[in-house]
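Within every chain, numbering begins at 1; the chains are lettered A, B, ... in the order of the sequence lines, protein sequences first and strands thereafter.
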Number of protein chains: 2
Amino acid sequence: MSGIAEVARLAGVSKSTASRALGGTGYVSDDTRRRVMAAASSLGYVPSTSAVSLATGRTQNIGVVMPYVNRWFFAEVLEGLQQSLLQRGLDLTLYDAKPGTDGRNRIFEDFLARKRFDGLIAVGLEPDHDEIDRLLSIGRPVVSVVGSGEETTVVEIDDDYVARRATEHLVALGHRDIAFVGGGVTTHWAQVDRRRLSGYFGAMEDAGLSNHAVHIVSEVTMPGGYAAAVDALGDVRNRPTAIVATCDEVAIGTIIAARRLGVQVPSDLSVIGIDDHEFADMFSLTTLRQSPREQGRVAVQLLLEHLDDPSRPMRVVRMPSQLIVRNSTAALDPRRSAVVIDSRVRGE
Amino acid sequence: MSGIAEVARLAGVSKSTASRALGGTGYVSDDTRRRVMAAASSLGYVPSTSAVSLATGRTQNIGVVMPYVNRWFFAEVLEGLQQSLLQRGLDLTLYDAKPGTDGRNRIFEDFLARKRFDGLIAVGLEPDHDEIDRLLSIGRPVVSVVGSGEETTVVEIDDDYVARRATEHLVALGHRDIAFVGGGVTTHWAQVDRRRLSGYFGAMEDAGLSNHAVHIVSEVTMPGGYAAAVDALGDVRNRPTAIVATCDEVAIGTIIAARRLGVQVPSDLSVIGIDDHEFADMFSLTTLRQSPREQGRVAVQLLLEHLDDPSRPMRVVRMPSQLIVRNSTAALDPRRSAVVIDSRVRGE
DNA sequence: TTGAAAGCGTTACCAA
DNA sequence: TTGGTAACGCTTTCAA
């Protein structure tokens with residue numbers, strides 16, 4: 001009826017031998033191993049995971065905590081994680097920890113304490129102090145994809161650099177009135193947004209354009225970008241000639257808004273994003289590509305390393321990003337080129 | 001050090017009493033219960049889930065199998081599931097079973113067989129015969145959200161009706177050249193698409209417009225809808241005046257394509273979708289609303305019912321849908337109204 | 001190379 | 001109402 005005992009009986013060996021034969025650990029003669037395997041497969045034997053966990057202390061399961069699952073970045077990371085874990089025979093249990101919800105509290109207070117997993121991957125969690133403490137006190141390795149401070153191993157892109165690079169691309173095209181559209185400081189995604197914002201400011205400053213820098217606050221979603229852009233582009237006289245969006249979703253929202261307002265992209269307005277979202281191509285969006293899916297895969301690998309050697313030091317892994325030039329950015333209209341030269345001189 | 005024994009000792013009772021006191025089952029005096037609870041919380045006691053599972057046969061975990069996680073419908077369902085499960089203290093383990101991948105095979109062959117869950121929720125899986133067999137042979141209750149045939153309890157909307165309703169809305173606005181944009185019969189989402197397509201055909205037939213019916217094949221994504229629409233709207237002479245999209249993502253792709261081609265929505269082209277996607281409002285999309293999130297919640301409830309009474313008969317739960325009129329649909333241009341009257345006469 | 005037996009941490013039955 | 005004890009199904013010493 002139940003389990004390995006049956007297999008052992010059928011193979012004519014003891015439970016311990018059967019266990020060794022199946023588990024691949026310890027000495028078993030080739031012959032017995034074969035007999036045991038045969039018995040197991042003829043019985044369709046599948047070990048009870050709870051019994052295995054109880055005996056070994058390993059669950060073969062990885063917990064994944066993230067605040068959203070319906071946003072591009074998160075969904076992509078999740079797919080990367082799932083794929084990598086599946087490949088290694090590990091289960092994935094998901095905890096959807098939306099900031100400021102009861103659910104999030106319960107996750108941190110009850111669910112994580114159950115330790116139903118061998119390790120934890122936190123994606124864009126941006127936990128507060130208490131939450132970080134809880135995370136670390138579980139006694140299981142934790143790897144973050146973006147933003148859990150310096151307390152865990154983390155994989156991320158260099159947000160400051162990426163935003164800087166995006167801004168420089170626009171500067172190089174002759175733009176001076178370059179605005180940044182992205183999350184306010186209080187929103188979620190705050191850390192990432194703050195870094196990108198500061199990269200933008202840095203690049204503006206380096207180009208001598210500090211006094212042209214404008215932060216247009218927007219919710220970090222496509223509709224959010226749309227709303228913010230409709231508002232900001234409405235005023236024809238004070239309209240920027242170029243926009244750095246904090247991510248492609250916001251960039252696309254901006255482009256849609258521009259089209260609605262009759263503002264031509266890129267001739268009237270250049271827009272650059274960060275991500276290389278699946279819709280980027282459809283909108284000819286120039287962007288800085290990152291691969292969240294790959295970040296998920298790397299996170300799994302890092303976690304497994306911690307798993308088989310808990311003494312490993314924490315690491316920060318910086319993933320690459322790449323400028324993808326499409327058709328949403330263009331050189332500033334010739335009519336305004338005099339100004340451009342001007343600014344270059346100032347910049348030097 | 002470990003577990004309930006420690007709690008028992010501290011409370012001055014036996015393990016069994018401690019277990020009863022904590023589990024809420026069986027007789028315990030109020031006084032002992034209090035002492036045990038106090039001891040437990042002072043020790044920060046958390047029961048070992050694997051031990052509990054081993055002893056009870058219950059995992060307190062629900063498996064969720066879906067082919068995508070990065071598409072609106074699926075992500076929404078997932079959030080609904082997560083929220084409901086969390087609320088009841090149940091874990092969610094996710095299996096991402098993309099059609100035609102090795103991963104999917106492994107999930108069906110290895111992962112599901114482990115029975116790491118008390119029940120299974122299959123979302124838009126559209127499993128083939130073998131897969132259905134596997135699903136059912138696990139010996140755990142299964143609930144489907146959309147499309148696992150008649151073999152499991154299922155929650156879904158009436159796809160035929162919804163597409164019919166959408167088509168009728170356009171007919172009522174005087175349109176005759178109404179095309180359907182959606183998945184080819186071989187694509188995934190096949191069942192749902194086929195039902196919607198047939199609802200569309202049915203409505204066209206009822207309106208006496210069978211010979212105006214056109215199925216424009218499109219991948220069921222925003223870029224897919226975009227590509228199909230760019231192609232289909234390119235030919236000015238044979239352009240439909242209205243489009244029923246198989247879902248909002250395709251509808252939005254269509255609208256974006258129309259705008260790019262200078263086709264005005266709704267004056268030149270009416271577009272109706274199905275879903276009420278988070279972007280629908282941003283595109284003023286008329287659509288038939290469904291709530292995948294709610295479908296997720298209902299699925300959990302149905303599963304739990306099966307869990308505490310396995311003899312319960314299978315059920316089909318039809319979720320409501322609702323026409324949301326926005327600005328992507330309008331009465332056929334007056335220039336063509338003669339034709340409209342014509343068709344009405346024919347229709348009667 | 002194999003087997004016996006002692007856990008792993010709970011629950012649940014049966015007496016007391 | 002409580003406690004002793006046998007499961008639950010597997011792994012892992014330790015001897016043989």
Provide the full list of side chain to side chain donor-acceptor pair (under 3.5 Å) pairs with a residue in residues 28-37 of chain A, sequence neighbours left out, each pair given once.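 Residue pairs with at least one partner in residues 28-37 of chain A: A:Ser29-A:Thr32, A:Asp31-A:Arg35.
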Inter- and intrachain pairs under side chain to side chain donor-acceptor pair (under 3.5 Å), touching residues 296-308 of chain B, at least two apart: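 For residues 296-308 of chain B: B:Thr153-B:His306, B:Glu294-B:Arg297, B:Glu305-B:Arg312, B:Glu305-B:Arg315.
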Before giving the answer on salt bridge (charged side-chain N to carboxylate O under 4.0 Å, His left out), spell out for B:Asp96 and B:Arg104 the whole-Å C-alpha distance, their side-chain angles and the decisive distance to 0.1 Å. CA-CA 7 Å; B:Asp96 184 4; B:Arg104 180 159 177 140; over 6 Å; no
Tell me, which of residues 16-23 of chain A have any heavy atom that sits under 4.0 Å from an atom in DNA chain C? A:Ser16, A:Thr17, A:Arg20
Go through DNA chain D in 5' to 3' direction and return only the first and the last nucleotide with some atom under 4.0 Å of chain B's heavy atoms. D:dT1 to D:dG9
Does A:Glu131 form a salt bridge (charged side-chain N to carboxylate O under 4.0 Å, His left out) with A:Arg134? I'd like the steps, not just the answer. CA-CA 5 Å; A:Glu131 291 173 342; A:Arg134 272 233 153 66; over 6 Å; no
Identify the heavy atoms of [X] and [Y] that sit nearest to each other, and give their distance.
X	Y	result
B:Leu125	B:Ala97	CD2-CB, 4.3 Å
B:Ala51	A:Leu54	CB-CD1, 3.8 Å
B:Val7	B:Val36	CG1-O, 3.8 Å

Can you pull out how bent the helix from C:dT1-D:dA16 to C:dA16-D:dT1 is, comparing the axes over its first five and last five pairs, to 10°?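 The end axes of the helix from C:dT1-D:dA16 to C:dA16-D:dT1 are about 40° apart, to the nearest 10°.
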Output the distance between atom CG (A:Asn61) and atom CG (A:Leu90), rounded to the nearest 0.5 Å.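 Answer for the CG-CG pair, A:Asn61 versus A:Leu90, is 8.0 Å.
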As an exercise, state the distance from CZ of A:Arg88 to CD1 of A:Ile62, rounded to the nearest 0.5 Å. 10.0 Å
Name every residue in residues 28-36 of chain B that has at least one heavy atom under 4.0 Å from any atom of DNA chain D, in order of residue number, or write none if there are no such residues.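 Hits under 4.0 Å, by residue number: B:Val28, B:Ser29, B:Thr32.
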Neighbours of DNA chain D within residues 43-63 of chain B, by heavy-atom distance under 4.0 Å: B:Leu54, B:Ala55
If the condition is side-chain hydrogen bond (donor to acceptor under 3.5 Å, both in side chains), which residues does [X] pass it with, not counting sequence neighbours?
X	answer
A:Gln60	none
B:Ser19	none
A:Gln82	none

Would you please say whether a donor-acceptor pair under 3.5 Å links the side chains of B:Thr93 and A:Asp91?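 Distance-only check fails for B:Thr93 and A:Asp91.
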Say whether, by atom type as modelled, one donor and one acceptor occur between the side chain of B:Ser53 and the main chain of B:Thr49 under 3.5 angstrom. yes
Answer yes or no for A:Arg71 and A:Tyr68: cation-pi contact, defined as NZ/CZ to six-membered ring centre under 6.0 Å and angle to ring axis within 45°.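 Satisfied, under 6.0 Å and within 45°.
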Leading and trailing nucleotides of DNA chain C with any atom under 4.0 Å from heavy atoms of chain A: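 First-to-last contact on DNA chain C, by the 4.0 Å heavy-atom rule, is C:dT1 to C:dG9.
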Take atom CG of B:Asp102 as the centre, draw a 6.0 Å sphere, and report whether it contains more than 12 heavy atoms from other residues, nucleotides or ligands.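 Not buried by this count: 12 neighbours or fewer within 6.0 Å.
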With sequence neighbours left out, what residues match B:Asp110 under salt bridge (Lys or Arg N to Asp or Glu O under 4.0 Å)?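 Here the qualifying residues are B:Arg106.
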